[in-house]
Number of protein chains: 2
Amino acid sequence: MNDMRPLILLSNDDGVQAKGLNELIDMLSPLGDILVMAPDSARSGSACAITSHDPLRYRVVAVRPGIKVCACSGTPVDCVKLALEMETGRKPDVVVSGINHGDNSSVNVHYSGTMGVVLEGCMKGIPSIGFSLCDFDADADFSPTVPYVRGIVERVLKTGLPAGVCLNVNFPRPSGQGYRGTKICRMARGMWSNELYAADHPRGGKYFWLTGEYTNKEPECTDTDAWALAHGYVAVTPVTVDVTAYQAMDGLKDLEVL
Amino acid sequence: MNDMRPLILLSNDDGVQAKGLNELIDMLSPLGDILVMAPDSARSGSACAITSHDPLRYRVVAVRPGIKVCACSGTPVDCVKLALEMETGRKPDVVVSGINHGDNSSVNVHYSGTMGVVLEGCMKGIPSIGFSLCDFDADADFSPTVPYVRGIVERVLKTGLPAGVCLNVNFPRPSGQGYRGTKICRMARGMWSNELYAADHPRGGKYFWLTGEYTNKEPECTDTDAWALAHGYVAVTPVTVDVTAYQAMDGLKDLEVL
């Protein structure tokens with residue numbers, strides 16, 4: 001590692017073996033030294049979960065010039081905490097997460113381990129960016145994302161991000177025609193429904209798989225991430241660590257008489 | 001279950017056996033019918049995690065007049081999804097989570113499975129409230145919380161909450177003198193540090209436990225949940241499902257030229 005180059009901390013929730021993470025290493029290694037601390041297998045849907053009842057372990061799985069790759073037994077957020085305290089002699093210049101195999105726009109941000117990494121980096125005062133591609137295929141084509149990923153990371157390395165604000169970047173599934181550009185978006189109001197698939201166990205009783213259908217509740221609004229993705233744009237949604245619903249505070253003042 | 005009474009869906013992240021949940025059942029059963037769907041053991045730090053790679057199961061563990069208690073193999077958010085699709089013929093009138101054994105104020109909201117329940121309820125369009133007591137003791141004294149829990153749930157049953165807004169209610173550790181009242185707060189800016197405790201495994205290598213110290217980054221501000229708790233008030237923080245950092249959008253417009 002070279003102290004004169006930026007230090008880029010990478011993680012994800014699909015696991016250290018995922019194509020999206022390994023493509024991200026290749027995209028970003030020209031920009032700085034790379035430290036990867038990623039889960040040792042898939043942790044989809046981990047959100048900001050932390051491991052409180054079990055011990056954590058990690059191991060170095062690859063070292064190349066300017067690149068060190070570690071695999072961790074914990075969640076995506078655990079990975080960031082471990083990397084920052086155990087593997088970096090200095091604060092990373094940026095935390096980058098992904099590229100996720102699957103959509104993390106709209107309310108999916110709340111379930112996303114990819115965005116867990118990003119929120120954790122942001123809470124530690126490091127500019128942090130999550131990248132997700134709307135394609136669950138393990139062999140998804142990430143090539144159209146390259147100029148956007150590099151451009152966004154370069155910009156953030158140069159000018160930073162406001163304190164307490166991180167980025168949720170989602171790419172449409174490649175259509176073969178490239179993307180129409182980048183849009184700064186708000187997250188769409190949406191809802192998941194029909195989320196349980198019930199099956200009969202051969203020895204009796206039912207078990208359930210999480211599944212479901214997502215509905216954009218405001219498809220006519222052109223300023224949302226869901227709209228941008230549906231229309232071929234790269235959706236960049238700034239996300240806040242401070243989740244206070246400020247606009248609701250006055251209307252709750254009657255609770256203070258309790 | 002009686003359709004004329006409100007239906008109250010309860011869950012938590014400490015597990016179905018936790019004292020905080022069982023006290024909550026007792027506090028709220030005078031207000032309506034109670035359906036509990038809670039994890040079958042502790043799931044602290046689950047955030048909004050969902051179970052994507054394993055099947056889910058649940059079983060009914062207790063039935064009393066107006067009260068049904070189920071234990072689920074999944075995360076707190078899984079519990080809400082299962083309850084809403086499999087156990088309620090009608091939409092619950094309110095989702096209540098807790099009472100958590102431990103503080104979920106400030107940035108802890110992001111890691112909290114208690115608040116995962118609440119965000120999930122809110123995303124499903126149901127008024128949702130999380131209660132947490134700043135005392136990790138398994139036998140913590142919840143009695144000072146009773147009038148506040150009942151008062152807040154009654155108020156929310158009566159007048160609802162704004163769409164996309166839920167409540168994060170934190171109680172100071174009981175001092176023996178009761179609470180000074182309720183304060184509507186914003187979440188404090190704070191940070192965890194020194195989060196890893198390293199130990200040597202007897203057969204070689206290191207393992208790590210998550211731990212840490214929380215620092216309030218704005219102790220002088222009197223409008224935060226951390227301040228309220230430190231000064232003997234019940235802290236009520238409205239939390240938004242829409243985590244867009246609206247104030248940062250204009251400053252990112254240069255990314256649209258990519």
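A, B, ... follow the sequence lines: proteins, then strands. Residue 1 opens every chain. Note that the coordinates shown come from a computational prediction; the quantities given were computed from them, not determined experimentally. Hydrogens, waters and symmetry mates are skipped; everything else that's a heavy atom, side chains included, is used.
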How many angstroms lie between atom [atom1] of [X] and atom [atom2] of [Y], to the nearest 0.5 angstrom?
X	Y	atom1	atom2	value
B:Leu210	A:Thr75	CG	OG1	7.5 Å
B:Leu255	A:Thr182	CG	OG1	7.0 Å
B:Met249	A:Arg186	CE	CZ	8.0 Å
B:Leu196	A:Leu84	CG	CG	9.5 Å
B:Ser193	A:Lys81	OG	NZ	10.0 Å

How close do A:Pro238 and B:Ala248 get, counting heavy atoms only, and between which atoms? CB-CB, 4.2 Å
Non-hydrogen atoms of B:Ile184 and A:Leu252 that approach each other most closely: CD1-O, 3.4 Å
Anything in residues 197-204 of chain A with a heavy-atom distance to chain B below 4.5 Å? Please list those residues in order. A:His201, A:Gly204
Looking at [X] and [Y], would you say the former's side chain and the latter's main chain have a donor-acceptor pair under 3.5 Å?
X	Y	result
B:His110	A:Val241	yes
A:Ser44	B:Ser52	no
B:Thr240	A:Val243	no

Can you tell which part of [X] gets under 4.5 Å to a heavy atom of chain B, answering side chain, backbone, both or neither?
X	answer
A:Cys166	neither
A:Leu161	side chain
A:Pro162	side chain

Go through the side-chain N and O atoms of B:Tyr111 and A:Glu120 and say whether any donor and acceptor fall under 3.5 Å apart. yes
With sequence neighbours excluded, tell me which residues meet ring-ring contact (aromatic ring centres under 6.0 Å, His included) with B:Tyr214. B:Trp192
Quick one: do B:Arg155 and A:Asp254 satisfy salt bridge (Lys or Arg N to Asp or Glu O under 4.0 Å)? Show the steps, please. CA-CA 9 Å; B:Arg155 192 279 200 188; A:Asp254 61 293; 2.7 Å; yes
Of A:Met86, A:Glu85, A:Arg57, which is the lone residue that meets side-chain contact (heavy atoms from CB on, under 4.5 Å) with B:Phe208? A:Met86
